[in-house]
Amino acid sequence: MTAAPVEDTTTGDASTAPAGAVREHVDRSWWDRYGDATVIWSSRLLLLVVVLVLWQVAAGRWVDDTFISRPTDIVARLGDWWRDGTLADNTWITVQEIVLGFVIGAAAGALGGYVLGAARQVYRVLDPFIMALYSIPKVALAPLFIVWIGIGMDMKVLLAAVTVFFLVFLNTAAAVREVDRGLVDAVRLMGGGRREIATKVILPASMAGFLTGLKVSVPYALIGAVIGELVASNRGLGYLINDSAAQFDTAGVFAALVVLSVIAGVLNLLVGLLDKRVNRWKPLD
Amino acid sequence: MTAAPVEDTTTGDASTAPAGAVREHVDRSWWDRYGDATVIWSSRLLLLVVVLVLWQVAAGRWVDDTFISRPTDIVARLGDWWRDGTLADNTWITVQEIVLGFVIGAAAGALGGYVLGAARQVYRVLDPFIMALYSIPKVALAPLFIVWIGIGMDMKVLLAAVTVFFLVFLNTAAAVREVDRGLVDAVRLMGGGRREIATKVILPASMAGFLTGLKVSVPYALIGAVIGELVASNRGLGYLINDSAAQFDTAGVFAALVVLSVIAGVLNLLVGLLDKRVNRWKPLD
Amino acid sequence: ACGAGSSSKAGTLNVGQISDSVAFFPLFIAEKQGFFTDEKLSLGERPRLGTGAKVAAALKSGSIDLGGGVMTDALNLAEIDDQARLTTSLISAYYVDIVVGGSAGKGGGSLEERVLALKGKKIGITGPGSGTEALVTYLFEQAGLDPAKDATLVNLGAVATAAVGALKSGRVDALSFFQPIGQQAEAAGVGSIYISPAAGDVPSLDGDLHGVVFSRQSILDDKADEVAAFQTAIGRALGVIRGDGSRVRDLLGQYLDGTPDAALDKLVPILQKETATTPAVVESQYEVARTFHVQSGLVDAAPSYSTLVPSRFRA
Amino acid sequence: MSTLLSTDGLTKRFVKKDSATVALRDFHLEVEEGTFVSVLGRSGCGKSTMLNLLAGLTTPSAGEVRYQGRVLRGPQTDIGYLTQSDTLMPWRDVQRNVEMPMELQGTPAKERTEAARDLIDRVGLAGFEHHYPRELSGGMRRRASLARMLAGRPSTLLMDEPFGALDAQLRHELQVELLRLWSGSEQTVVFVTHDIEEAVLLGDRVVVLGGLGRVIVDRRVDLPRPRNADDLQVDPEYVSIHRELAAALKGAAS
Amino acid sequence: MSTLLSTDGLTKRFVKKDSATVALRDFHLEVEEGTFVSVLGRSGCGKSTMLNLLAGLTTPSAGEVRYQGRVLRGPQTDIGYLTQSDTLMPWRDVQRNVEMPMELQGTPAKERTEAARDLIDRVGLAGFEHHYPRELSGGMRRRASLARMLAGRPSTLLMDEPFGALDAQLRHELQVELLRLWSGSEQTVVFVTHDIEEAVLLGDRVVVLGGLGRVIVDRRVDLPRPRNADDLQVDPEYVSIHRELAAALKGAAS
Ligand SMILES: Nc1ncnc2c1ncn2[C@@H]1O[C@H](COP(=O)(O)OP(=O)(O)OP(=O)(O)O)[C@@H](O)[C@H]1O
Ligand SMILES: Nc1ncnc2c1ncn2[C@@H]1O[C@H](COP(=O)(O)OP(=O)(O)OP(=O)(O)O)[C@@H](O)[C@H]1O
Ligand SMILES: [Mg+2]
Ligand SMILES: [Mg+2]
C-alpha cells in the first residue's frame, strides 16, 4: 500500500485553522479491495461442495434415499423441469406471490411499526390483540382464507404478506422504542414536528431494527406463499412440492426446495445490499 | 402529590461536596401508581367486548356463520370440552410442546446469536446457508421429520424449537452487531476477555434485540407445535383444530384457536415482564 | 420412538390413518365396542397423517405399524418399497363423490354427458396424487377429455371446512371428495352429489377395493400376532356395520360428531353397502383397483395380487 | 430593554418509583432581550436542567417559563440550544448535519449548502465536511454542533459549556466569533460555563447557581467591550468580580 | 528512572474506501516510570488517537507502542484509561459501574462494595450510588468514570480531559486528590488537557502536540511540589512556561 498526500486539510480560511488530520489517497491492491469478498465467497462455495458431496455419499448408503434423495437426482430433476417448462412456469408464479407478499407485508409492517411505535399507549392497548392474531396458525384458517379471498394468487400473496407484516411490524416497533431521545429532542429544537421527527430521526435511527425485520421475514414470505399453494392451488412451487411428495418423488420435493432456497438467497442478498447502503456510516469492524 | 424532603444528599463527607440534587419521598396516590395500568387494561377489555359483540352480531347476519361461527357457540364448545376433559388434556399436551420448544429454541438461538454475532466472518460465510435452511417450509419436510424423529412429542417440540431458533438467532445476532464499541472497549480496558465482554456488555446491551426475538418468536412456538400436531395429529390443540375442521365444526376450530391465543397471551405477558425487568434502567417516556 | 419393538402376545399396535373419513369407521367401531380389547390388543398412537406420503414415512420409520388409507397410497408405497404389504380391506367401493354446487342434483343424462358438463370447471380435490384426483382424471379420460386442459384442479387439503367452504362461496364449481363431504354438502344445502361411484354411477369401478390398511413385511413378521388380532377385530366391526342399521346410525353419529343428521341418515345405507364383507383382501376387488390405478396413470405399475397381499390376508 | 425569558417558581423533579430527585426548586430568573447572561455553577447544581426547561425540551414539575411574554409549551425555532451532550445525527456527515435546521425550515438546497459550508469554515472544520460524527475528535464534534445550532439562525441562544472541550487558542477564537455574531444582532444568549474567566469575558451579567438552582450571585459586568483577556487580568474591576465569583462557587460547596 | 511507555514511528491512518485520514504520523514519545506527563494540543491534533494507541485499544497502522519493554498488543489491566467520551454502562447504576473493574478482577463482593463506596465519596458522588448514568449530570458522569478507572488500581493512568466538564472548585479538589493518589504511589500518568494552567500545575513534563501528533514542545517543569495555583501565578518560572506553551499552541494553528 503506497500512500501519497493528496489534499491537505489544515488550511481553514477562517480565523480558526484546525491543527487537524491529513487526507491521503490510498492505492489499494486488488486484494485489499476484493480479498475479503473472495475469502467469504470461496468459503461458502467450499462449504456448499462439502455438504453436497457428503449428501451424495450418504444417500442410499447411510440414509434411506427415498427420504433424502441425492444431489445428482435433484439436479437431473431440475434439468427435466427446465426442459419441459415446468420449472419456469411454476417458479414465476411463486416468485410473483413472494415478491408481492413481501413488499405489501413489509410496507404495511413498517408503516404500522412507525405509527404504533410512536404512539406508545395505543400500542400497549393493541399489543395483546396483535399477538393473538399473530399466534394463530394460518393453516388453521385456510378454509376462511379460501372462502374470503378465494384460491387465486391473492390468497397466497395475502398469506405471505400477513406473516411478513407481523415480523416487520414487531421489529420496527421495537426499534422505534429504542431511538435515542437526545436525537429526537435535537429535531424538536430545530422546529421539527411529528413528521420531521419520523422521517429525519426515527426512520434512520431504527433502520437496523427494520432491516432485521426484513431479513427475518424474507423466509416467511416464501413460507407463506408456499403454504398458500399447499392449501389451495394447482401451480407454483408449493404445488410441485405437494405433487412430488404425493408420488414419493423426493428428488422432486428437494428440487422445488432448492429453487426456493435460491429465491430466498436472492431476496436475502437484496436486503443485505440495502443494509450495506443504509449502514454506510457505521464503523466496519 | 405532596412531597417531603427525606434525605439530603448535599453532604459528601470527603473534600468534595456536590452542590447537587435532593432526594424526596413522593406520596403517590392510587391513581399515580395504577392509573396507567387501569386505563390500559380497561381499554383492552372494552376493545375485546366490542370485537366480540360485533362478531356475535355479524355472524349469521352479514357473514356466513358456518365460516366464522359465533362467540356464544365458541364459549359453549369450550364449556363442553372443559366438562369432558378434552380441553385440559389436549391443552396440557400442547402447552408442554410449546414451552419446551420455546425454551430450547430460544436458548439455542440466543447462544448461536451471541457466538456467531461476535464471529463476524464465520457468520458471513454461514449466513446464506442459515437463511436457506430457514426458508424451507417445514411442512414440506414433514415426511422427513416423521422418518427422523417420529410422530411423538419430540417432533412437535423440535418443529417449534426450530422456528423459534431462527427468529431468536437472527434478532440476537443483529443486536450484537449494533453494540456500542465504546462499551466493549471499556471492558477490554478493565481486563475483560471474550467471556466478560459477552456477559457484561454484549448480553445486556443486546437485550432489547434478544427480547424482540423472543417476542416475535412466541407465536411461532405455538405455530410450530400446532403445525407439528397437524402433520401427525393424535392429540393436542392442533389435533382438535384438525378434527373440528374435518367435522365441519367451525366453533370447535375457533375454540381451539381461542385457547391458543390465551397461551400466546400468557407467554407474551411473561416476555413483557422480562422486558420490564431488564429495561429498568431505561427512561420511561 | 413409538413402541415398534414390542412383540409380546397381548401387544400394542400403532395405527396411523390419513383422515377421519368413513373408511376408518370400522376402526372406530372396533375400538368403541372393545373388539380390540377382546383380542388383547391395545392401540397406541393413532395419528391422522393427512397424506399418503406421511403414512409411508411413518411406516418406514416405525412410528406406526399399520397405515390406513386408500389403495392409491398402498400402491404408491409399493412403488418405492418392496416390503409394502396390503393387509386389510375396509371399503370395497370407490367412496369418492363428485359434488357440484347448488341443488342441480344428478339430473338425468348418461355418465358421459355428466362428465362432459364438468368441462372447463374448477374442481376441488384433496391433493395431487390422491384418489380424489384420480377419479377426475379417470372420468375425464373415459369421456375423452384431457383433465389437464379441460378442467382446473384445485388442491383443498383434506379438511371438510375448506372443501365445503370453497364450494359454498363459489371458489370451486365442483368437488371430488371422499365421503362424507358429499352428504355434508347436501345436508348444508350447499351442493349435491353428482357422480357417485359407490352408488354405481361408474360401472367400471363397481366392486373396487378402496379403503385399506397396509403395512410392511418386517412389521408383519414382527407383530404377526397383533396383526392377526387386529384382523379379527376389524372383521367383527365390519359385521356390525353390515348388521343393524339403527345401531350403525348411532355409532356413526358418535364417529362423525357434529355432522348434520340428514347427512348421517343418508350415509348409513351407503356405508352398509360399500363396507367390505371380510377384512381379507379379495383378489377380484384388488384387480379392479389395480386396473383403475394403472389406467388413470396414478401409478406406473402395480404389483400383482400375490406379491402385495401375503397369503394369510387373502380371501 | 424588555424581558425576553423569565421563569417563575420553576421546579423540576425527576420521579422514580417512590422517590423523586429534585434538580431545581423554585427557580427565578429574568433574561432581558439582547443581553448575554453567563451562568456558573457547580457540577450537578441544575444548570443543564434549567436550560432544558428554558428551551422547552422538558416540562417543569411546577412553575412556568415565559418566553416573549407567553408561557413556553415546547421547543421554539427561534431558540437555539447547544446541549451538553452530543446530538449530531450519526448517519449524516458534518455538512448534512449542519444543513439540517435549514432543511427543516425549508431553505432551498443551494443556499443551504453554501450557508453550511460557511459555518463549517467558521468553526474550523473546513475539509471535514464529509466526515461522519464518529470520525471526528471530541472537540470537532462540539464545533459541528455549534455550527448546526447557528445554522438555524435562532434569535435566542442557550449554550451548555460550548467551549469546554476546546483548546485555549480555539476557545479564544470561537469566543471572539461568538461575540462578533452576537454584537451584530439582537440575539440573547444564556451561556453556561465552568470557566469564571470566560463567564466574565463574555457576559453582560453573570449568574452563579448554588444547589437546586438557588441564585447565589447575580451580578452585572460593566467592563467595557470589546474586552481583551490579557488586559482584563490586570483590571481591578475584573479581579474583584473574579474573586467574588470564585468565592461564591467555593461557598456553594459547603 | 526507566522508560515505561515508548512509541516508535507510530502512525495511525483511518482508511475509508480510497482515501485515508492520517491522524498521527511518525509519532515519538517516551514516558518514564513514575512521572506525570501533561499533554496539550489543539482540537483534532491527535491526542485521543495517541491515547487509544498507548492504551492498546487500537492497533497502529505503522510503528509500535512498547510498554514495560514489550510491544503492546492489546489493553492491559494495569493501564487505566479514562476516555474522552463517556463509556459508563447505562444499565448499571453508579455503584455497580464503579465496582465493575473489581468484578472483572475477581475482588470479593464485600470488599468491592466498600472500595467503590469510598471512591464514589472521593469524587463527590455520595448519595448518587443508585442513580443510573442517564440520571446524572455531565460532570457527574465524568466523575463516575474517573472513579471507575481508579477502581481498577492501575499503575499507569491515561486520562483524556478528565476535568474539562467540571467547575473550577471541583476541578481544583480533584486535582489535589489526583496528586495525592499519585504522589503516594509509583503511578505513571499521561494527562491530556486543554488547560495550560492545569498542565503545568500537575505535570513533571508538558508535551505540546501539533498537527498529526508532531511534538512541538517537550519541556520539563521543575517547579517544586506541592504547587499552589495561586502562588504559581506570580512565579516567574511558571509565567515563562505558560507563555511558551501558549505561544506553541498558537503557533501550531498556522
Ligand atoms: N433524568 C434524571 N433523573 C434523575 N435525576 C436527574 C436526572 N437528570 C438530572 N438529574 C439530577 O439533577 C441534578 C442536576 O443535573 P444537571 O444536569 O442539571 O446538572 P448540571 O448543573 O448541568 O451539572 P454539570 O455541570 O455536571 O453538567 C443532578 O443531581 C442530577 O443527578
Ligand atoms: N474513526 C475515524 N475515522 C476518520 N478519522 C478519524 C477517526 N477518528 C479520528 N479521526 C481524525 O483524526 C484526527 C485526530 O482525532 P483525535 O480524536 O485524536 O483528536 P484530539 O486531539 O483528541 O482532539 P480533541 O481535543 O478535539 O479531542 C481528527 O482530525 C479526526 O477527524
Ligand atoms: Mg450540565
Ligand atoms: Mg480527543
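These numbers come from a predicted model, not from an experiment. Reminder, nothing fancy here: chain letters follow the sequence lines and each chain counts from 1. The analysis underlying the following values was restricted to heavy atoms, covering all of them including side chains, and did not include hydrogens, waters or symmetry mates.
- For B:E178, the part lying under 4.5 angstrom from a heavy atom of chain A is the side chain only.
- Side-chain contact check for B:T212 versus A:R177: every heavy-atom pair is 4.5 Å or farther apart.
- A side-chain donor-acceptor contact under 3.5 Å links A:R44 to the backbone of B:R124.
- Using a 4.5 Å cut-off between heavy atoms, B:L230 contacts chain A through its side chain alone, with no backbone atom that close.
- Both the backbone and the side chain of B:L170 have a heavy atom closer than 4.5 Å to some heavy atom of chain A.
- Heavy atoms closer than 4.5 Å to chain A are found nowhere in B:W41, neither backbone nor side chain.
- For a residue to count as touching a neighbouring chain, one of its non-hydrogen atoms must lie under 4.5 Å from one of that chain's; by this rule B:V216 touches chain A with backbone and side chain alike.
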Start with the C-alpha distance between A:L47 and B:L126, add both sets of side-chain angles, then the distance that settles side chain to side chain contact (heavy atoms under 4.5 Å, CB included), and finish with yes or no.
CA-CA 9 Å; A:L47 192 60; B:L126 293 182; 3.6 Å; yes
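- Between chain A and the residues B:D127, B:I227, B:L267, the largest count of heavy-atom pairs under 4.5 Å involves B:D127.
- Between B:S135 atom OG and A:I263 atom CD1 the span is 9.5 Å, to the nearest 0.5 Å.
- Between A:I136 and B:S261, the shortest heavy-atom distance links the atoms CG1-OG, 4.4 Å.
- For A:F166, no part lies under 4.5 angstrom from a heavy atom of chain B.
- Residue B:V125 touches chain A through both its backbone and its side chain, counting heavy-atom pairs closer than 4.5 Å.
- Between B:K215 and A:M131, the shortest heavy-atom contact is O-CE, 3.2 Å.
- Contact annotation for B:N268: only side-chain heavy atoms (C-beta onward) come within less than 4.5 Å of a heavy atom of chain A.
- Comparing A:I241, A:N171, A:V253 by how many heavy-atom pairs each has under 4.5 Å with chain B, the most go to A:N171.
- Closest heavy-atom contact between B:P137 and A:I223: CA-CG1, 4.0 Å.
- Only the side chain of B:D36 comes within contact range of chain A, with heavy atoms under 4.5 Å apart.
- Checking side-chain atoms of A:Y134 against main-chain N and O of B:Y220 turns up no donor-acceptor pair under 3.5 Å.
- Only the side chain of B:Y123 comes within contact range of chain A, with at least one heavy atom under 4.5 Å from a heavy atom of that chain.
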Any chance you could lay out the side chain to side chain contact (heavy atoms under 4.5 Å, CB included) test for B:L48 and A:F129, step after step, and finish with the verdict?
CA-CA 8 Å; B:L48 184 67; A:F129 297 95; 3.8 Å; yes
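- Only the side chain of B:L222 comes within contact range of chain A, with heavy atoms under 4.5 Å apart.
- Considering only heavy-atom pairs separated by less than 4.5 Å from chain A, the leading option among B:A264, B:P128, B:A208, B:S244 is B:P128.
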